[in-house]
Number of protein chains: 2
Amino acid sequence: MRRDNELSPESEADNLRTGETTGIIGYRLRRAQLSVFQLFLAVFEDLKLRPVEYTVLVLIADNPGRKQTEIAEVLGIKRANFVTLVHGLEERNLVERIPSDADKRANALHLTKEGEAFLAHARSVHDRMEQDLVKRLGGQKARKQLLDLLDRLT
Amino acid sequence: MRRDNELSPESEADNLRTGETTGIIGYRLRRAQLSVFQLFLAVFEDLKLRPVEYTVLVLIADNPGRKQTEIAEVLGIKRANFVTLVHGLEERNLVERIPSDADKRANALHLTKEGEAFLAHARSVHDRMEQDLVKRLGGQKARKQLLDLLDRLT
DNA sequence: TATTGTTATACTCTATAACTATA
DNA sequence: TATAGTTATAGAGTATAACAATA
């Protein structure tokens with residue numbers, strides 16, 4: 001039994017039945033991921049930093065001197081595509097590629113002084129964003145639960 | 001204190017310190033989403049169906065006669081890009097676009113008989129995949145928890 | 001022979017502008 | 001004027017192949 005006019009007397013567009021799609025885990029994961037990434041882009045608009053660039057900076061800071069291949073691989077980025085990414089960060093004087101003594105084929109990645117200062121700021125901005133997300137989730141326990149559940153799917 | 005040789009006497013590649021990145025909600029969401037989508041692509045390789053195409057078929061089946069714009073919008077797809085998607089499904093005789101009587105600008109979307117049979121099969125394949133994911137998560141309660149948490153981020 | 005960084009390239013996904021035919 | 005569908009196009013993101021230098 002249809003009752004079109006119950007809530008919209010002027011016959012607005014009917015709502016679609018989305019019950020089945022909203023039960024699909026992959027679909028919901030994607031929507032949530034896009035939502036969080038869009039928040040990231042908005043928050044980091046002034047710093048002109050994309051999510052992947054932030055993780056690269058963090059990873060270099062926590063693992064100075066590593067090869068491009070190592071950083072790229074742990075992030076699931078093809079080394080061919082990582083070249084452009086690192087070049088961009090290098091042009092902004094955030095990262096430097098130092099030819100390795102031990103292996104002359106490889107570049108050791110380091111943050112510049114400017115890169116360290118930039119990351120310190122980015123981290124504080126990011127921490128506030130994460131705290132906002134944790135608040136949305138309902139606290140640290142909920143965050144832990146989420147990361148735990150995501151781990152089982154990865 | 002570094003103890004490189006504790007577990008790798010032959011001095012294999014050191015593991016990177018990834019603790020900070022693996023604590024980032026957006027990063028973990030993305031990895032999990034990619035993982036689930038890759039599973040989908042593997043499971044649906046024979047049916048040659050992408051995740052977005054599956055949700056489109058489901059949505060049309062549950063909302064026959066709707067306009068392209070309506071289906072596209074609820075999925076967050078630009079109507080310009082939705083054209084190609086629907087054409088692909090139409091060429092496979094899964095979907096038909098019937099010019100609307102009420103609004104001659106619009107196409108009403110329906111599944112063909114073949115599309116209904118195809119979707120019935122796809123649904124059963126998809127159900128098995130979801131059951132596998134639920135098992136990984138630790139049961140229906142864990143699934144409910146996950147969808148609940150994802151909702152708060154979306 | 002294998003690996004590192006690189007270039008070139010192609011394919012998908014996404015976003016915008018502009019057109020047409022209708023409303 | 002606004003909307004539905006469409007086309008064209010540009011920009012990201014991602015994947016593979018091939019090359020030079022080095023291991």
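The shown structure was predicted, so the numbers you read here are calculated from the model rather than taken from an experiment. Numbered from 1 within each chain, the chains take letters A, B, ... in sequence-line order.
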Nearest whole Å is fine: how far is [N] [atom2] from [X] [atom1]?
{"X": "A/Q68", "N": "C/dT6", "atom1": "CD", "atom2": "C1'", "value": "9 Å"}
{"X": "A/R50", "N": "D/dG11", "atom1": "CZ", "atom2": "P", "value": "15 Å"}
{"X": "A/D103", "N": "C/dG5", "atom1": "CG", "atom2": "P", "value": "8 Å"}
{"X": "A/L41", "N": "D/dA12", "atom1": "CG", "atom2": "P", "value": "12 Å"}
{"X": "A/R97", "N": "C/dG5", "atom1": "CZ", "atom2": "C1'", "value": "8 Å"}
{"X": "A/F37", "N": "C/dT14", "atom1": "CZ", "atom2": "P", "value": "14 Å"}
{"X": "A/E90", "N": "C/dG5", "atom1": "CD", "atom2": "P", "value": "12 Å"}
{"X": "A/I77", "N": "C/dT6", "atom1": "CD1", "atom2": "C1'", "value": "16 Å"}

Heavy-atom nearest nucleotide on DNA chain C for A/H87 versus B/R79: which residue maps closer to 5'? A/H87

When B/G76 and B/D101 are each assigned the nearest nucleotide of DNA chain C, the 5'-most assignment goes to B/G76

When only distance counts, do a donor and an acceptor, one from the side chain of A/N81 and one from the base of D/dA15, lie under 3.5 Å apart? yes

Tell me if the side-chain of A/R105 makes a donor-acceptor pair with the base of C/dG5, cut-off 3.5 Å, by modelled atom types. no

Of the candidate nucleotides C/dT4, D/dT14, D/dA12, which contains the atom at the shortest distance from the side chain of A/A106? C/dT4

Can you tell me how far CD1 of A/I60 sits from CD of A/Q68, rounded to the nearest 0.5 angstrom? 8.5 Å

Cationic N near anionic O, under 4.0 Å, B/R152 to B/D148: yes

Quick check on [N]: is either OP1 or OP2 less than 4.0 Å from any side-chain nitrogen or oxygen of [X]?
{"X": "A/K78", "N": "D/dT16", "result": "yes"}
{"X": "A/K104", "N": "D/dA21", "result": "no"}
{"X": "A/T69", "N": "C/dG5", "result": "yes"}

On a heavy-atom basis, which atom in B/L153 and which in A/S35 lie closest, and how many Å separate them? O-OG, 3.1 Å

Mapping B/T84 and B/R30 to their closest nucleotides on DNA chain D, which lands nearer the 5' end? B/T84

Step through the shown structure and confirm whether more than 12 heavy atoms of other residues, nucleotides or ligands are within 6.0 Å of CG on A/D101. no

Under 3.5 Å, is there a donor on one side chain and an acceptor on the other for B/Y54 and B/R50? no

